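First comes the structure, then the notes that go with it.
Just so it is clear, the model here is predicted, and its values are computed rather than measured.
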Amino acid sequence: REAYSALIRGATRGGKGARAGLARAAGISRQHLNMILTMDELDRGMSERWPSPAVAAQICSHLPLPPELRQQALQHL
């Protein structure tokens with residue numbers, strides 16, 4: 001999970017609104033993407049923050065990365 005979050009954070013550092021653009025392209029809200037990337041402060045299981053397989057595939061398919069890194073991101077879920 002940490003590797004997945006780090007990869008998305010790194011891929012969306014490029015410019016203003018990059019994370020919002022990724023969320024829009026993946027068909028989710030910016031808040032939903034931020035929730036996925038945020039550590040759980042309420043001491044619930046981290047699995048509650050994982051995206052569904054369909055959402056994970058959408059996010060990974062829109063990462064501004066080479067295809068092999070997109071595939072690795074998806075495998076880390």
query = Going from CG on Leu7 to CZ on Arg70, what distance comes out if it is rounded to the nearest 0.5 angstrom?
reply = 11.0 Å
ask   = Looking only at heavy atoms, which two atoms of Asn34 and Arg19 are closest? And how far apart?
value = OD1-CD, 3.1 Å
Show every donor-acceptor pair shorter than 3.5 Å between a side-chain atom in residues 21-31 and any protein atom, with sequence neighbours excluded, or say none if there are none.
residue: Ser29; atom: OG; partner: His32; partner atom: N; Å: 2.9

side-chain contact (heavy atoms from CB on, under 4.5 Å) partners for Pro66, two or more places apart = Glu68, Leu69
message = I'd like to check Leu33 versus Thr12 (side-chain heavy atoms, cut-off strictly below 4.5 Å). Are they in contact?
response = no
remark   = Which of Pro53, Ser61, Cys60 passes side-chain contact (heavy atoms from CB on, under 4.5 Å) with Leu74? It is Cys60
